[in-house]
Amino acid sequence: MQEQIQAIRGMGDVLPPDSALWQHVEATIRSVLLDYGYQEIRVPIVERTELFKRSIGEVTDIVEKEMYSFDDRNGMSITLRPEATAGIVRACMEHGLLRNQRQKFWSTGPMFRYEKPQKGRYRQFHQFDVEALGFTGPDIDAELIIMLARIWRLLRIEHLSLQINTLGTTESRVQYRADLMAYFREHFAQLDEDSRRRLERNPLRILDSKNPDLQGLITAAPRLTQYLDAESEAHFDGLRALLDDAGVPYVVNPRLVRGLDYYGRTVFEWVTDRLGTQGAVCAGGRYDGLVEHLGGEPTPAVGFAIGLERLVELYALAGLGAPSRVPDVYVVAVGEGATRCAFRIAESLRDGAAALRVETNCGGGGFKAQMKRADRSGATVAVLLGEDEVSSGTAVVKPLRTELEQTTVPMAGLADAIAVHLRSRP
RNA sequence: GUGGGCGUAGCUCAGCUGGUAGAGCACUGGAUUGUGAUUCCAGUGGUCGUGGGUUCAAGCCCCAUCGCCCACCCCA
């Protein structure tokens, strides 16, 4: 016997009934984004490895050990995208979409990161990504966050809290970073193993440490706010004012930093405590330096990514289900003549003014078996066709959700007879 | 990458200190010959993740491997 081929580690399937949950979550998000004037952009799942190295940063975990990189047949190194921003920015530059223009884009699809899978963390995962390019002021930052709050509200998702912070400009952060590094070097002996490792590569992350032994040291560390330039401070104040006006609650978390190098000024994160340790459902921020860094004109930009697996899981926990889509009619047909008749009837009911949702029995079976299927389909009424009906040109209409009696009607009156039952649907 | 737990029918699981597998749900059929969701009866379905090893004998023990789960790390 042949070995069963399994899915690749960390790459899951979405099956019914979960797929209905995904559909609902995705449709809700898409609809809000379109309403706010964001347009869809579709970019390849594979890009040149160089793009991600340059945009995400050479010394990040993502680039160093999490990318799915391959050589293609010409020996060019290509990579399954670990995130969406790089590809979208590349596309914008390539097609001249940023020349004196502003763009509001959204995109969605799978991302790939070679990590050890656990709850809320997969090797193939899905994001909804939004990028606003060419906007400088805090208004667009606020719009993104307010828009997200609306999405959560429409999905009736609770237990999500918003944290925001500002990282200031690149210049101010460079200074802060240097001073912070110096501070932790002075207290090197007190640092744990993780923090020592972070010290050289990303000292800001030490501030994020969960180790209780370090909290005193962290509290006494230099604060980014002390380094903020006036402009960044004003930008952040502007954002907060707009969020306050909109009634979107938030917590300013001075320790909130980002794993990707290109962020500056606004950063934000929606987190939950309901999904275990991988609690970041949506994260984003400003990356004013990225376009220039990739060789384009200096272009302000801000965006976010929603982790769909995590969001769907959170939605599932709320137990709200998905809007169900059941047929109006299930056509039961026993015998070859009846089957042919059933197909004609089904199509004409679908074509009719009422545009009925019709499921036709396929796969044969007697009346009993077909009635069972009709019931399980969730249909409101069953239309029954057998030898007798075919020869007399009639059909039986049987309500499945009410106690009303079934009726036998001539073919021409079928749609009307069905309509009666659909109106009295519970 | 580091640690811990788990892997028995499609699904949820039971299987005592090792003696070659069971339940519920689902599915199929039946309870007077053309009719569902209740009830009753019967049936299909598993080389116990995979590969080795120990043993007279392994689902239960050992090793390896694949996968899942949880935490660290990181992040969506």
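A quick note: this is a predicted structure, and the numbers were derived from the prediction, not measured.
Here the separation of B/U50 from B/G10, taken at their P atoms, is 12 Å to the nearest Å. The same atom, P, is picked in B/A14 and in B/A71; the two are 22 Å apart, to the nearest Å. With C1' as the reference atom, B/G59 and B/U8 are 7 Å apart, rounded to whole Å. B/C62 sits 15 Å from B/A58 when the P atoms are compared, rounded to a whole Å. Going from the C1' atom of B/G3 to that of B/G45 covers 39 Å, rounded to whole Å. B/A57 and B/U38 have their P atoms separated by 49 Å, given to the nearest Å. With both ends at atom P, the span from B/C16 to B/C11 equals 22 Å, rounded to whole Å.
An OP1 or OP2 oxygen of B/C73 is reached within less than 4.0 angstrom by no side-chain nitrogen or oxygen of A/Arg205.
Side chain A/Gln370 to base B/U35: no donor-acceptor pair is found below 3.5 Å.
Aromatic ring centres of A/His24 and A/Tyr315: separated by under 6.0 Å.
With the nearest nucleotide of RNA chain B identified for both A/Arg373 and A/Lys65, A/Arg373 has the one nearer the 5' end. For the pair A/Ala305 and A/Phe367, nearest-nucleotide mapping onto RNA chain B gives the more 5' position to A/Phe367.
With both pairing distances under 3.5 Å, B/A64 is matched to B/U50 as a Watson-Crick or G-U wobble pair.
Checking A/Thr380 against A/Asp328 by side-chain atom types alone, no donor-acceptor pair falls below 3.5 Å.
A/Arg373 has no carboxylate O lying under 4.0 Å from a charged side-chain N of A/Glu359, or vice versa, which leaves the two without a salt bridge. A salt bridge links A/Arg350 and A/Glu347; the closest N-O separation between the charged side-chain nitrogens and carboxylate oxygens is under 4.0 Å.
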**OP:** Starting at the 5' end of nucleotides 65-72 of chain B, put B wherever the base has a protein heavy atom under 4.0 Å, S where only the sugar-phosphate does, and a dash everywhere else.
**Re:** -SSS-SBB
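For the pair A/Arg113 and A/Tyr68, the cation-pi test (distance below 6.0 Å, angle within 45°) is failed. Because its NZ or CZ atom is both nearer than 6.0 Å to the ring centre of A/Tyr114 and within 45° of the ring axis, A/Arg123 counts as a cation-pi partner of that residue.
Under the 3.5 Å distance criterion, the side-chain polar atoms of A/Tyr122 are matched with a main-chain donor or acceptor of A/Gly120.
Nucleic acid contact class of A/Val334 (heavy atoms, under 4.0 Å, all strands): none.
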